[in-house]
Amino acid sequence: MTSERGAVTEVDFDGLVGPTHNYGGLSAGNVASMTHGGQVSSPKEAAKQGLAKMRFVSELGVAQAVLPPHPRPNVSFLRHIGFSGSDEAVLARAAAEEPHLLRLACSAAAMWTANAATVAPSPDTRDGRLHVVPANLHAMTHRALEADVTHAVLSRIFQDPTHFAVHPPLPPMAAFADEGAANHTRLAVEGCPAIHLFAWGRSALDPALRAPQRHPGRQTLEASRALVRLLELPPDRALLPQQHPDGIDAGSFHTDVLAVGSGGVLLWHELAFVDAEGLCESLKRALGDSFRSVFATAAELPVEDAVAAYPFNSQLLQTPDGSFVVIAPEESRRNPAARAYLERVVAEDVGVRAVHFLDLRQSMQNGGGPACLRLRVPMTDAERKSVGARVLVEASLLEDLEGWVERHYRDRLAASDLADPALWREVCTALDELTQILRLGSVYPFQKNAFDGAKGAR
Ligand code: SUG
């Protein structure tokens, strides 16, 4: 099955922040998550900040789309691990006996859709289709719970087999731990085939390769190799650099904490990858003189500042006039070294004309900046037309989503609220309504299986 190979335009699929957004302190190696664990969150503010970013991006003329939150608390998971009775009893028992497990089951981490999947667009693949591999997120328990619903949602959106192939996630095994597009960068310039970077933090099978010491290397080399095969990419258009172990140990749990690339431009920190010089040479060979990069040394931008302020966790967006803009978190404006680096990006002749700083504090406090909140899907016009749900953002959809958040979200959420059965009922009502707004059909277990329903007292 081959679709016509046409020009692609990037569509940014942002995760809509879920009604249980909270600070669970769940992600070892993610400095912000570890620092803010236990604090009171505001799901409503978080969702509004995310929607404001979507509005800003679509007003720049960049194609924007949305992916829905997952049902949380994950009552199915709690039942699977032995909590029984009515939904209320399941939540009460988990809260009393295993509060940490309840926090895992309540995480709204699916909002960071850079981790939803890895995508190869149709001009790059051998069969001319757009390929998607949902991430198994095996490295973190609260995130591994996302794979099934993500797979169901992406299969629904990209359901037309003439254009799309949605694969199952990689096997849920430590050797194939896959974090999705957060470790993947596609660089493409006029006149030569795109090149894909698949970065990894550790090898499951080759103990000789240096691994980080303090924090987990989430993505494996073996997973990255499997992705190249599944995405139908020619092996000579894929590079597999290692994430720098010192970068991971400093808090760069994903590549996108220290690097972002798009078109022919790469913004990166010296602790993003092992052998930065060798990688730069390979990219110049693959992309020619059109490849541009703005490299930050640790002397210019200490890694601690890069991890705290997230200047690389920016969106590098091509606007309709062909120039690029950077969407950076407000924290990067306040950090002098991060801000000076981004000013240098604009001053240098790499085609970036402006930096816009947005307030995403609720997400940032869990380690998720602008780049974490979006999955990039380069698509042809024909592919966009065949999307099987109302997820491409236009003004009326944004208004519908803003009204939906206003009606259903709480202003504040503390750890002690997570077992509140009313919260679970609110979530089911809200998400059921959302699937109608987005015309997604029944993608959630609680919609398919009365066993998990909000009403169900058994
Ligand atoms: O996997 N935080 C996410 C942040 C993901 C950021 N994504 C990218 N870099 N692309 C993570 O560590 C924290 C949840 C908590 O502690 O409540 C969390 O899962």
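Positions are given from 1 along the sequence. Whatever order the structure lists ligands and atoms in, that order sets their numbers, starting from 1.
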Near A182 (heavy-atom distance under 4.0 Å), the atoms of ligand 1 are 10 (N)
N/O separation below 3.5 Å, G25 to ligand 1
yes
Polar contacts were defined as any N/O atom of the residue lying under 3.5 Å from an N/O atom of the ligand; does this apply to N366 and ligand 1? yes
So CG of L301 and CZ of F295: to nearest 0.5 Å the spacing works out to 11.0 Å
ask   = Do N313 and ligand 1 have an N or O pair less than 3.5 Å apart?
value = no
Short version for R103: what comes under 4.0 Å of ligand 1, heavy atoms counted, is neither
Between R186 and D124, does at least one N-O distance fall below 4.0 Å, as a salt bridge requires?
yes
Closest non-hydrogen contact found for I195 with A286 is CD1-CB, 3.6 Å
Atom 19 (O) of ligand 1: closest protein heavy atom, distance to 0.1 Å, is H142 NE2, 2.7 Å
- Query: Charged N to carboxylate O under 4.0 angstrom, E232 versus R129?
  - Reply: no
*Do H184 and F198 have their ring centres less than 6.0 Å from each other?*
yes
d(R214 CZ, D246 CG) to nearest 0.5 Å is 11.0 Å
Partner of D14 under salt bridge (charged side-chain N to carboxylate O under 4.0 Å, His left out), picked from R376, K53, R374, is K53
Note: ligand 1 atoms sitting under 4.0 Å from heavy atoms of A109 are 19 (O)
Q) Would you say F253 has any N or O atom under 3.5 Å from an N or O of ligand 1, going by distance alone? A) no
If the threshold is 4.0 Å, N to carboxylate O, is there a salt bridge linking E348 and R292?
no
**Message:** Tell me whether R410 is salt-bridged to D420, with the criterion being a basic N under 4.0 Å from an acidic carboxylate O.
**Reply:** yes
At under 4.0 Å between heavy atoms, what of N22 touches ligand 1? The answer is backbone
For G367, the ligand 1 atoms with a heavy-atom partner under 4.0 Å come out as 4 (C), 6 (C)
shortest atom 11 (C) of ligand 1-to-protein heavy-atom contact is with S27 OG, 3.4 Å
ask   = Looking only at atom types and distance, does a side-chain atom of N183 sit under 3.5 Å from a main-chain N or O of T255, one as donor and one as acceptor?
value = yes
In terms of its nearest heavy atom to atom 1 (O) of ligand 1, the top option of R218, M364, M140 is R218
Problem - Sub-3.5 Å N/O-N/O distance, G24 and ligand 1 - result: yes
Quick note on ligand 1: atoms under 4.0 Å from a heavy atom of A114 include exactly 10 (N)
One finds that the ligand 1 atoms under 4.0 Å from a non-hydrogen atom of S33 are 13 (C), 15 (C), 16 (O)
Note: M34, heavy atoms under 4.0 Å from ligand 1, region reported as neither
of all protein heavy atoms, closest to atom 5 (C) of ligand 1 is R143 NH1, 3.5 Å
Note: C372, heavy atoms under 4.0 Å from ligand 1, region reported as both
Under 4.0 Å between a Lys/Arg side-chain N and an Asp/Glu carboxylate O for R225 and E222?
-> no
Within the 4.0 Å heavy-atom cut-off, what E179 brings close to ligand 1 is neither
ask   = Any sub-3.5 Å donor-acceptor pair from S42's side-chain atoms to E45's backbone N or O?
value = yes
Within 4.0 Å of some non-hydrogen atom of H254, the atoms of ligand 1 are 7 (N), 8 (C), 9 (N), 10 (N)
Consider every N or O of D256 and every N or O of ligand 1, then say whether any pair is closer than 3.5 Å.
-> yes
Shortest non-hydrogen pair, P378 vs E383, comes out as O-OE1, 4.2 Å
Considering both backbone and side-chain atoms of N30, is one of its nitrogen or oxygen atoms within less than 3.5 Å of a nitrogen or oxygen in ligand 1? yes
